[in-house]
Amino acid sequence: MTIWNKKFECISPGELEQLQLERLQSTLNRVSRNVVFYQKIFEREGIIPERIRELSDLRRIPFTSRRTLRAAYPYDMFAVPLREVVRLQTSSGTTQEPIVVGYTRNDVEHWTELVARVLTGAGINRDDVIQISFDYGLFPGALGMHYGAEAVGASVIPASTAGSRRQITVMRDFRSTVLIAAPGYGLRLARMIREMKINPQDLFLRVGLFGAETWSENLRRELEERLRIKAYDFYGLSELFNPGVASECEAQNGLHIFEDHFIPEIIDPGTGRPLDFGEEGELVLTSITKEAFPLIRYRTGDITTLIKGKCSCGRTLVRMARVKGRTDDMFSVLGVSVFPSQVEEILTRIEGTEPHFQIRIDREADREVVKLLVEISPEIFSDEMKKMQKLKREIKGEIYKLLDLEVEVKLVEPGALIGRGEGVRRVIDNRNRG
Amino acid sequence: MPHQVAVFLENKPGKLERVTGLLAGAGINIRAITIADSGDFGVLKLLVDKPAITCNILAQNGLVATVRRVVAMKIPDKPGGLLNIARILTRQKINIDDAYGFVLKSGETAVFVIQVKDPDTAADLLKAEGIQLLGDNDLYFL
């Protein structure tokens, strides 16, 4: 197994701590001078960057939230003047206003190096032909991947948002060995391959990198089987680097966080209390090399756990588990906390394909009622009513068995859950409405 | 053997109008229609003159539809007409998933349609009993 940057990816714990501390101090220094928001916070909390002597001192600094970034739109969180910024992109978010993120030349270089690590971790090298099926636009994912892919010396196809048929023709004729896409889109391509009567074995695809939306182990298995590839997960966020915060190695057992660039913490999303290894909570990240858009203790909203212990790949960087869901998606009903990704996992197993669903929570006469709306797909439709009834019972039963949650299952037509120009909202909570 | 198109529909006003509108627009003739309802959703079944095209049109318009072969037979439109068929089905142990009928010519002939697991075997058994079976064309050009 090849490692792109052994010096940092296999750094010893002592050296890492020293490196993180130095980089943290210099980052805190810079933001205290150049970002009004941090200046004010440090003043209020009596934080003097020079006096941060240990990594644990970081915990004295309050969190930065997405709300803060939105209020700073467009440039108030920048730590450098615009003439030093070589690129501007926006963070995604289906329903919220965007956040503008800038990168200096150094930022782009770091980012490129981190993506090269992501790709190398998935066993990709200069002999590969990489098809990037992310939108090359305001969102950073496609260009981020592109730069990293060129850095490892692979041949890069910026397939972007070409239609599915076109993507597959390119994949077959250009002999793509790597597909980079959102997992749902990967599945759509797998379906199209079948529809076009192409045998996946006649393609050259061997690796898939999937990210940009929450997915599950079931979906990984399905993508691996249908496309005959090894499918890897990667993690990033547009406010920092996306991709380029963490990624899976060939062990496929957690994502190594690039700790020489980010300091991770896990907190209880309700109280903000720091949690230990193995405890599930919200990921908080501090950037320690970013110049244009540094963030201190940024609440990512992503739910995961940090995994302790050595990885068989030889990298020493800490691992995080696959992101389980978003704090803003999590809901509690009758004392049960549920992530939509858990529901997704169950539905994927039952349907044998990527499910489209929505959870609606209402209060009816002082009783909380959870409705699970599931879109019918050709894969699960049957013209025998008893099979459709059985499907409903099975979904209800599995959700009760595995999540301890009583739901009312409703089957709806395809496309019924998609709003105008938005993705499907996983959870609609009407309990606190008028 | 005739083909039956089945469509998933939510149980909401206007859904039937949508489907029939799509088919009318494409010049498709409906010979028989039945709806199995289950509270929040229903399965609409159609015998039409162009089943494959119908299925495509529905899928292109975002609906989930399937085609399957069914067994259609001609029976006399008189009391006891169906009883004879029912006896044969019982005797031959043919299990029916769904069934419906319609009259072709009042007082003379009716059509009885059954949806079964294995339509070929069912068709052979019925034919051996002297029942007159109908194909796609027989249904639409009677």
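Proteins get letters first, then strands, A, B, ... in listed order; numbering begins at 1 in each.
- For CZ of Arg188(A), the number of neighbouring non-hydrogen atoms (other residues, nucleotides, ligands) closer than 6.0 Å is 12 at most.
- Residues Arg68(B) and Glu384(A) are in side-chain contact: their nearest non-hydrogen atoms beyond the backbone lie under 4.5 Å apart.
- Heavy-atom proximity under 4.5 angstrom to chain B picks out nothing from residues 189-197 of chain A.
- Residue Lys12(B): no heavy atom, backbone or side chain, is found under 4.5 Å from chain A.
- Contacts of Leu9(B) with chain A are made by both backbone and side-chain atoms, with heavy-atom separations under 4.5 Å.
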Show, in sequence, the C-alpha distance, side-chain angles and deciding distance for Val43(B) and Phe381(A), and conclude whether the side-chain contact (heavy atoms from CB on, under 4.5 Å) test is met.
CA-CA 10 Å; Val43(B) 177; Phe381(A) 175 61; 4.1 Å; yes
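- Between Pro414(A) and Gly62(B) the shortest heavy-atom distance is CG-O, 3.2 Å.
- The shortest distance between side-chain heavy atoms of Phe8(B) and Asp383(A) does not fall below 4.5 Å.
- Heavy-atom pairs under 4.5 Å with chain A were tallied for Asn11(B), Val7(B), Leu44(B); the largest tally goes to Val7(B).
- Your options are Glu413(A), Lys386(A), Lys410(A), Met385(A), and the one with the most heavy-atom pairs under 4.5 Å with chain B is Glu413(A).
- Scanning both residues, Val409(A) and Asp40(B), for their nearest heavy atoms gives O-OD2, 3.9 Å.
- Heavy atoms of other residues, nucleotides or ligands lying less than 6.0 angstrom from CD of Glu364(A) number more than 12.
- Residues from residues 388-398 of chain A that place a non-hydrogen atom less than 4.5 Å from a non-hydrogen atom of chain B comprise Met388(A), Gln389(A), Lys392(A), given in numerical order.
- Heavy-atom distances place the backbone of Asp37(B), and not its side chain, under 4.5 Å from chain A.
- Proximity of Leu411(A) to Glu10(B): side-chain heavy atoms (C-beta onward) are nowhere separated by under 4.5 Å.
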